[in-house]
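To start, the structure itself, in structure tokens.
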Amino acid sequence: SPDGERIVTASDDRTGKVWDANTGQELFTLKGHEDAVTSVAYSPDGERIVTASDDKTAKVWDANTGQELFTLIGHEGWFVSAVYNVDGQRIVTGNEDRTARVWDADTGQELFTLTGHDSGVRSVAYSPDGQQIVTGGEDNIVRVWDAKMGTELFTLKGHEDWVLSVAYSPDGQQIVTGSWDETAKVWDVKTGTELFTLTGYMFLTGYDSEVLSVAWSPDGQQIVTASTDKTAKVWDAKTGTELFTLTGHDVPVRSAVYSPNGKRIATAGSDGIVQIYTTDMDELLQIAESRVTRQLTTEEKEKYGVLDWN
């Protein structure tokens with residue numbers, strides 16, 4: 001949730017679930033879809049949740065009670081992705097019917113359709129200022145659109161397989177994309193429409209399997225990716241170098257996201273388990289101190305930055 005107090009998850013069991021982010025306790029279940037729930041997202045004010053499903057619908061829910069408010073109907077295929085824009089007034093959805101659609105978030109009315117992909121649209125995202133929409137498709141192409149008019153602005157070509165996940169950087173100047181071709185790429189979106197002249201993109205290599213999910217840290221300094229290789233990886237967003245790997249899942253990791261304050265990362269595996277990792281050094285030291293049954297050596301203190309004030 002925007003305040004970091006709750007986590008919402010999607011599942012193949014046809015439900016979404018809302019959890020207490022601090023205790024891990026399940027708060028309530030979003031029931032109503034007739035097939036797998038493929039995507040979930042909070043509205044910016046935290047009052048609503050949108051879910052996308054293989055039952056060819058998306059649904060909007062009251063985020064406090066779990067009550068279904070209305071259903072988005074109009075796509076002809078499976079819903080794959082759904083997100084709110086920055087002011088919470090619109091929702092964009094990606095679908096296997098080769099389109100993305102923009103909806104009025106208050107009424108559920110369809111406003112317009114984004115057409116141009118030759119295959120299903122796997123992922124959608126709004127720019128932070130709400131002026132653009134980016135879509136990733138099974139045609140291996142990333143398309144950027146005017147969010148108000150629905151017109152295509154330019155395309156980003158370079159992936160060799162399906163583009164499974166897309167996300168804008170917090171400042172809106174870059175886009176990260178994850179693909180079935182086992183890479184993620186970062187693109188500079190300032191320079192306009194010419195293909196292969198975008199000078200700011202880089203390859204994030206290091207995977208033996210497909211990149212299923214990408215997300216920026218709130219400060220824009222890091223990127224987290226999730227993969228079928230059963231790990232999530234954290235990268236330096238400026239250089240593209242791998243910083244560390246998050247292990248613990250025994251199955252493909254389908255999604256990875258930062259908490260709003262950037263101090264935690266949540267990963268979701270295809271086994272239905274969500275794991276929470278901390279990136280905060282103080283919290284890491286507290287966890288370590290609670291588990292260590294002996295005094296740290298001088299070498300260990302220096303390695304982990306532990307200060308001895310005695």
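When a residue number appears, it is its place in the shown sequence, counting from 1. Quick caveat: nothing in here was measured; it's all calculated off a predicted structure.
- Annotation: the span from Lys238 atom NZ to Gln174 atom CD amounts to 9.5 Å, rounded to 0.5 Å.
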Q: Decide side chain to side chain contact (heavy atoms under 4.5 Å, CB included) for Glu5 and Asn22; before the verdict, give the C-alpha distance in whole Å, the side-chain angles of both, and the deciding distance to 0.1 Å.
A: CA-CA 7 Å; Glu5 295 299 313; Asn22 296 304; 2.9 Å; yes
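- For the atom pair CH2 of Trp61 and OG1 of Thr51, the computed distance is 5.5 Å after rounding to the nearest 0.5 Å.
- Atom CZ in Arg122 sits 6.0 Å away from atom CG in Leu164 (nearest 0.5 Å).
- For the residue pair Thr177/Trp187, the side-chain donor-acceptor check at 3.5 Å is satisfied.
- Electrostatic pairing of Arg101 and Asp97 counts as a salt bridge here, judged by a charged N lying under 4.0 Å from a carboxylate O.
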(Q) Could you walk me through whether Gln221 and Asp236 satisfy the side chain to side chain contact (heavy atoms under 4.5 Å, CB included) test, starting with their C-alpha distance in whole Å, then the side-chain angles of each, then the deciding distance to 0.1 Å, before giving a yes or no? (A) CA-CA 6 Å; Gln221 298 301 304; Asp236 185 300; over 6 Å; no
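- With no hydrogens or angles considered, no side-chain donor-acceptor pair links Thr151 and Trp145 at under 3.5 Å.
- At a cut-off of 3.5 Å, with distance as the only test, a side-chain donor of Lys59 or Thr71 sits close to an acceptor on the other residue.
- At least one donor-acceptor pair under 3.5 Å links the side chain of Arg48 to the backbone N or O of Ala105.
- Between Arg14 and Glu34 there is no salt bridge, since none of the side-chain N atoms of the basic residue sits less than 4.0 Å from a carboxylate O of the acidic one.
- How far NZ of Lys148 is from CZ of Phe112: 10.5 Å, rounded to the nearest 0.5 Å.
- Between the side chains of His249 and Thr267, at least one donor N or O sits under 3.5 Å from an acceptor N or O.
- More than 12 heavy-atom neighbours from other residues, nucleotides or ligands sit within 6.0 angstrom of CH2 on Trp103.
- In the model, Thr113 has no side-chain atom that pairs as donor or acceptor with a side-chain atom of Thr115 under 3.5 Å.
- Ionic pairing of Arg254 and Asp12 is present here: one or more N-O contacts between side-chain nitrogen and carboxylate oxygen are shorter than 4.0 angstrom.
- A donor-acceptor contact shorter than 3.5 Å is absent between the side chain of Thr57 and the backbone of Ile73.
- A single hydrophobic cluster is not seen to contain both Val274 and Val257; linkage of ILVMFWY side chains at heavy-atom distances under 4.5 Å, directly or through other members, places them apart.
- Between Arg143 and Asp139 there is a salt bridge, since at least one side-chain N of the basic residue sits less than 4.0 Å from a carboxylate O of the acidic one.
- No side-chain donor-acceptor contact under 3.5 Å links Trp162 and Ser179.
- At a threshold of 4.0 Å, the pair Lys56-Glu96 does not count as salt-bridged, since none of the basic side-chain nitrogens sits closer than that to a carboxylate oxygen.
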Q: Run the numbers on Ile265 and Thr279 for side chain to side chain contact (heavy atoms under 4.5 Å, CB included), then give the verdict.
A: CA-CA 7 Å; Ile265 296 171; Thr279 62; 3.8 Å; yes
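- When every heavy atom of Val8 is checked against every heavy atom of Val40, the shortest pair comes out as O-CG2, 3.6 Å.
- Side-chain contact annotation: Thr155 with Glu152, donor-acceptor N/O pair under 3.5 Å absent.
- Taken from CD1 in Ile223 to OH in Tyr258, the straight-line distance is 8.5 Å, to the nearest 0.5 Å.
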